[in-house]
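As structure tokens, the structure follows; a few thoughts come after it.
Within every chain, numbering begins at 1; the chains are lettered A, B, ... in the order of the sequence lines, protein sequences first and strands thereafter.
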Protein chains: 2
Amino acid sequence: MTLHTSQTIMRKSLHHELVDRLQPLIINSELKPGTKIPEKQLCERFGVSRTPLREALKVLASDGLVRLEPNRGAWVTQVTQEEVDEVFPVLGALEALSGELACKHITDAEIEEVRALHAQMIRSYENRDLDAYFSVNQKIHRAILLAARNATLTTSCQALSLRMQRARYLANMSEGRWYDAVQEHEKILQCLVARDGPNLAATLLHHMDAKRASVVKWLQSQETTDAI
Amino acid sequence: MTLHTSQTIMRKSLHHELVDRLQPLIINSELKPGTKIPEKQLCERFGVSRTPLREALKVLASDGLVRLEPNRGAWVTQVTQEEVDEVFPVLGALEALSGELACKHITDAEIEEVRALHAQMIRSYENRDLDAYFSVNQKIHRAILLAARNATLTTSCQALSLRMQRARYLANMSEGRWYDAVQEHEKILQCLVARDGPNLAATLLHHMDAKRASVVKWLQSQETTDAI
DNA sequence: TGACTTAATTATGAATTCAAAATTACGCTG
DNA sequence: CAGCGTAATTTTGAATTCATAATTAAGTCA
């Protein structure tokens, strides 16, 4: 019955693979917030049975991307203002810590890497290429995270970051906010180069709060229009 | 086939219930770190089939309590020094934030609650009742967490806390460390009463680092003896 | 006896099946 | 024809089944 076409998954554990495949679908809103997760369709699409798919959904639920309603199936969670106001402060505290630790452990080579990413981000900003900007932006935050040399911190940060990502992605920044964000990143780079942990921590904290405010603003503007 | 005795689980979703039941088994080391999880036995014990149990194991794995080895089953994770050195700083940052936020939102009634718990903890200390001490201690941290009014923070903290709990529980504190811990808690209460957020944050941060050091010390003393 | 092969057993991962719950479709009554 | 109640259908949750991988046991030969 099950065909092993190129589309079909067959490496490592199926449920783990499915988690990795479902996450992007939720992040880029192919599976829309507030909608029901079409179990049957997804099984066909990935060429798997319900068992591993449901296992994956349980994991995604514990990460907050999916909500399980007993006897009613799985639903893509909404990004609400309440959630944004909750998650960003936590993310801020974690990123601040990552900055602190990164300054202690980062190598010169890694700093050069961040510098290169930063330059690339500036170019994306100048070209008003939001997709590229977001992509590089994330790489920078990730590079700092990795420099912190703390796998637990990385995991925690990324889990929360993921939850905010689709909102952040959807939320078109205002011209003014975008400018400010770039300025903040300028300072982030400077702190990192100077290996000034406390300063970097404070900057990242502020950066996160500004992001929060920006996302909230966008959410509120959407309230009248449509739920994300 | 499946009997619905009082032992058998039947409320809400089975996998969720199983997560809640398996966690304590791992925390109190009934399922010993480093050992294989006896799937079959647990199915019999809880009167469920393998499907929901395996779903629960996937969730526990994403929380770091269990490690899944492809085609080799599920294993209880070890608490290593590397992990302790990673998790406590993250926990410290989160608890610091919880202190900060708690000072902003806590009610007088809640402060009285913490005061009562604190008094109870002192009594446990004076009676050298470590079990009671740990239990009340956790209640205090949880009360502060709840006063922070941030469900995401609560969830994140508790997930990490859980991972450290069995180590913390096993790690008999030295007389000196126990005394210091009580002093730290004295200060925590004072900061809370004064609603001094920054001070409480700093105190909790230091408290966590002292806990880390204490656990590491114990782990090292165990290295020669036996792996936990 | 001891290392190596191979067969038997067991455990795992995932598909399938089945009972129960929820949803939808239908028909009845006012 | 609108609202309610009941039957048919679909979906969900969980048990069972089945193929495959891993482990253990048995047997072979130096």
For R72(B), report the nucleic acid contact type (base, sugar-phosphate, nothing); a contact means any heavy atom under 4.0 Å.
sugar-phosphate

Calculate the interatomic distance between L14(B) atom CG and dA20(C) atom C1'; express it in whole Å.
14 Å

Over how many whole Å does the gap from H15(B) atom NE2 to dA14(D) atom C1' extend?
13 Å

Select from R50(A) and G73(B) the residue whose nearest nucleotide in DNA chain C is closer to the 5' end of that strand.
G73(B)

From CG of L68(A) across to P of dA14(D) the rounded distance in Å is 11 Å

Using atom CG of L57(B) as one end and atom P of dA11(C) as the other, report the distance to the nearest whole Å.
16 Å

Residues forming a side-chain contact (heavy atoms from CB on, under 4.5 Å) with Q120(B), sequence neighbours excluded:
L117(B), R123(B), V136(B)

Take a 6.0 Å sphere around CD of E69(B) and say whether it holds more than 12 heavy atoms from other residues, nucleotides or ligands.
yes

What is the separation between atom CD on Q41(B) and atom P on dT10(C), rounded to the nearest whole Å?
15 Å

Report the distance from atom NZ of K40(A) to atom C1' of dT16(C), rounded to the nearest whole Å.
14 Å

Under 4.0 Å, counting only non-hydrogen atoms across every strand here, what does K58(B) touch: a base, just sugar-phosphate, or nothing?
nothing

Using a distance-only criterion (donor-acceptor N/O pair, under 3.5 Å, no hydrogens), is the base of dA15(C) paired with the side chain of T51(A)?
yes

Spacing of E39(B) atom CD relative to dT12(C) atom C1', expressed in whole Å:
7 Å

Roughly how far, to the nearest 0.5 Å, is the CD1 atom of I111(B) from the SG atom of C103(B)?
7.5 Å

Could you tell me how far apart W75(B) (CH2) and dA22(D) (P) are, to the nearest whole angstrom?
13 Å

Sorted by position of nearest nucleotide on DNA chain C, 5' first, the leading residue of N71(A) and K36(B) is K36(B)

Counting only heavy atoms not in R142(B), do more than 12 fall under 6.0 Å of its CZ?
no

